[in-house]
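Numbered from 1 within each chain, the chains take letters A, B, ... in sequence-line order. Everything numeric in this text was worked out from a predicted model, so none of it was measured.
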Amino acid sequence: MDVRVRFAPSPTGQIHIGNIRTAIFNWLYARHNNGKFLIRVEDTDRERSTQEAIDILFSELKWIGLNYDETPIYQSKQIEHHREQAEKLLDNKHAYKFAKGEGDEAVLFNIPWDDNTLKNISTSGQIEISIHPDIPVKICKQGLFYASISNKGKPIPTEACLAGFKDLSIIDSNNQCLFQINDEIQPILNGEKTCEIKNGQRLRFLRREVYFDDLIKGRLSKPLDSMKDFVIVRGNGSPVFHLANVCDDILQNITHIIRGDDHIENTYRHTLIFQAIDAELPSFTHIPMITNECGKPYSKRDGDAFLSDLRDMGYLPEAILNYLTLLGWSPDDDTEKMGQKELISRFTLDRVQNSPAKMDQKKLLNLNGQYMEEIPPEEFSQHVTEIISDQSWGNSVDPDYLDDVAKLMQSRTKTYNQVQDWSYFFTDNLNFDEKITNRHLQKPGIKEAFSLLVTSFSDLTFELNHIESCILDVTESIGVKPGKLNLPLRIALTGTNVGAGIYEIILILGKDKVIRRLDYAINNLT
RNA sequence: GCUCCCAUCGUCUAGUGGUCAGGACAUUUGGUUUUCAACUAAAAAACAGGGGUUCAAUUCUCCUUGGGAGUACCA
């Protein structure tokens, strides 16, 4: 069977790092297996879903390079279909109607008493749990209501589905059986009878579990007595996530569901719904979540939680794709830098980690630098042009001049955002740091040296070796060690104490700018 | 409270019933360089704790601790 996976975000704003990583794993799995990667927009939350968010979703997918197959479907357009499925579930007793308080009747999924109707339910043996004798046990179609006992001996109201208590006996303090569910089960299941048993001390029953096989975590199971019948259609008629999600996965013929492990609890429920609808169960894979730099789950309050934040910081989509894939997955050797093609050919789910991963921007930055290095110079220069055109100093620059600057700077640029610090190539308005200038320029001899340089430069043919020897001559003539003039010179010409080689910078800046800036420094800074 | 998931250097990870527990980022120290970056050589750095199985446990198992999730007429 062909692999069909899906990415099913709810469009309520920006795309989360964790979400996009889930999308990436789905996409890689599909591409690796020559399958289909589908999009489903889960826009049933009308209050929070916006068209703007939907637009963002598609543009972000495109930006990071996740192409999808087939026409995306919108969950909001499937509501009728969901309701039909709910009707069917009602018809074959897998669901029932129930009103909480005085509201409208909602539809609840009926976790089945009879385990022959559903697969994926196993028996794990007879167990006993203690209950608080002061609180009567109430048993009805909706489930079992009782009180467990806290550490301090106080009652804790607890409720669970009926199906969790196969062969239930309620035992009192004299070890007498007060109640046996098998005697009463039919009328209870039909909703015709409610039992209330006082003075119970222990519940003895056959524990049953719902299970599924996770591709990376193995078999996962959960006791039915820790679950409740749950709402699948609200009192107002709108389908709930659990139903909608399952129906749409069936509709889209999804074969593999790959999602965050925060969905494990949902999957137990979904497993039941799939089978109640009589659909084939897809295979499930739960991938670990990504946490922020503090090790906490990403929330919207964290800075840099969104894909767009990373883009705004100047990271390249290739680097993000590469880095995010490495968060929770590794190939079978030490390779780290992998492009789209290589990731696709090497990606398999069995090499996915099963513990959560912390986001480390420093590593992303390093990887981004590796990708920046490989950008063809023309492309780099082109992109730089776009970036600096937003700057007051960068909107009308000579293309050839910019090419030279870009060529000089590319190897030391780790993100495109660093380009914003290049203003000194284009404007004489330098951002001097008073501390630095005072320290390096207000020293004896600097003024004289700069004056000498202005004189020598004005007659010089601007070539790299001439510039270098000229500066060395001046340095020597004022009795300073070779190279000691470079830093003051750099500061006077660029305003900063770091950057590319100063001789190259001087060459690119050209005679006019250099002399102008030296004059300024002589008069104002030394 | 109950249920579920998780646990190797600071971080991402590799790995195995017997390994000097490997790599990358970050860190520190040298080299190179006119500064920075790059490059280069090196250093420091981990199997959460406690039982059990075993000749042997980081690896299998149990418990504890810690982290996370669910326990909604949110998705």
- Query: Hey, does His286(A) reach any base, or is it just sugar-phosphate, or nothing, if we go heavy atoms under 4.0 Å?
  - Reply: nothing

- Message: Under 4.0 Å, counting only non-hydrogen atoms across every strand here, what does Ala244(A) touch: a base, just sugar-phosphate, or nothing?
- Response: nothing

- Item | Closest-nucleotide ordering on RNA chain B, the 5'-leading residue of Pro239(A) and Asp360(A) | Asp360(A)

- Taking the same atom, P, in rA26(B) and in rA41(B), what whole-Å distance lies between them? 16 Å

- Task: Between rA45(B) and rA21(B), how far apart are the P atoms? Round to whole Å, please.
- Result: 13 Å

- Message: Taking the C1' atom in each of rG15(B) and rC9(B), what is the distance between them to the nearest angstrom?
- Response: 14 Å

- At under 4.0 Å between heavy atoms, what does Asn266(A) touch on the DNA or RNA strands: base, sugar-phosphate, or nothing? base

- Name the nucleic acid region contacted by Gly260(A), choosing base, sugar-phosphate or nothing; use a 4.0 angstrom heavy-atom cut-off, strictly under. nothing

- Message: Would you say that Asp261(A) contacts Lys217(A) through its side chain, given a criterion of any heavy-atom pair below 4.5 Å between the two side chains?
- Response: yes

- Message: By the 4.0 Å heavy-atom rule, please label Tyr503(A) as base, sugar-phosphate, or nothing.
- Response: base

- ring pair (Phe, Tyr, Trp, His ring centres under 6.0 Å) test vs Phe212(A) passes for just one of His286(A), His263(A), His270(A), namely His286(A)

- Mate of rA41(B) across any strand shown (Watson-Crick or G-U wobble, both atom pairs under 3.5 Å) is rU29(B)

- Query: How would you label the contact of Leu487(A) with the nucleic acid (heavy atoms, under 4.0 Å): base, sugar-phosphate, or nothing?
  - Reply: nothing

- Query: Paired with rG1(B): which nucleotide, if any, by Watson-Crick or G-U wobble criteria at under 3.5 Å for both distances?
  - Reply: rU71(B)

- Message: Under 4.0 Å, heavy atoms only, any strand: does Asn497(A) hit a base, just the sugar-phosphate, or nothing?
- Response: base

- Applying the 3.5 Å cut-off to both distances, the Watson-Crick or G-U partner of rA48(B) turns out to be rU64(B)

- Message: Under 4.0 Å, heavy atoms only, any strand: does Ser221(A) hit a base, just the sugar-phosphate, or nothing?
- Response: sugar-phosphate

- Item | Min side-chain heavy-atom separation Val5(A)-Ile254(A) under 4.5 Å | no

- Query: Counting only heavy atoms not in Arg439(A), do more than 12 sit closer than 6.0 Å to its CZ atom?
  - Reply: no

- Task: Check each of Leu441(A), Ile502(A), Asn497(A) against Leu487(A) using the side-chain contact (heavy atoms from CB on, under 4.5 Å) test, and report the only one that passes.
- Result: Asn497(A)

- Message: Could you walk me through whether His466(A) and Phe457(A) satisfy the ring pair (Phe, Tyr, Trp, His ring centres under 6.0 Å) test, starting with their C-alpha distance in whole Å, then the side-chain angles of each, then the deciding distance to 0.1 Å, before giving a yes or no?
- Response: CA-CA 9 Å; His466(A) 292 167; Phe457(A) 277 161; over 10 Å; no

- Ignoring hydrogens and geometry, is there a side-chain-to-backbone donor-acceptor pair from Arg21(A) to Leu327(A) under 3.5 Å? yes

- Using a heavy-atom cut-off of 4.0 Å to chain A, what are the terminal contacting nucleotides of RNA chain B, in 5' to 3' order? rG1(B) to rA75(B)

- Message: Using a 4.0 Å heavy-atom cut-off, does Ser150(A) contact any base of the nucleic acid, only the sugar-phosphate backbone, or nothing at all?
- Response: nothing

- May I ask you to say what Glu504(A) touches in the nucleic acid, namely base, sugar-phosphate or nothing, with a heavy-atom cut-off under 4.0 Å? base

- Euclidean distance for P, rA24(B) against rG66(B) (whole angstrom): 35 Å

- Item | Rounded distance in Å between the P positions of rC2(B) and rC25(B) | 45 Å

- Over 12 foreign heavy atoms within 6.0 Å of CD, Gln51(A): yes

- Query: If you look at every strand shown and take non-hydrogen atoms under 4.0 Å, does Lys217(A) touch a base, only sugar-phosphate, or nothing?
  - Reply: sugar-phosphate

- Given the C1' atoms of rA7(B) and rU40(B), what is the spacing between them in whole Å? 37 Å

- Query: When we call it a touch if two heavy atoms are under 4.0 Å apart, what does Asp225(A) touch: a base, just sugar-phosphate, or nothing?
  - Reply: nothing

- Touch class at under 4.0 angstrom, heavy-atom based, for Ala357(A) against every strand present: sugar-phosphate

- Task: Consider only side-chain N and O atoms of Gln78(A) and Asp248(A), and report whether a donor and an acceptor are under 3.5 Å apart.
- Result: no

- Under 4.0 angstrom, heavy atoms only, what part of the nucleic acid is Glu293(A) near: base, sugar-phosphate, or nothing? nothing

- Given that Leu327(A) and Asn236(A) both sit by RNA chain B, which one's nearest nucleotide is further toward the 5' end? Leu327(A)

- Message: Suppose you measure atom P in rU16(B) against the same atom in rU58(B); what distance do you get, rounded to whole Å?
- Response: 16 Å

- Message: Give me the distance, rounded to whole Å, that separates rA46(B) from rU13(B) when you measure between the C1' atoms they each carry.
- Response: 12 Å

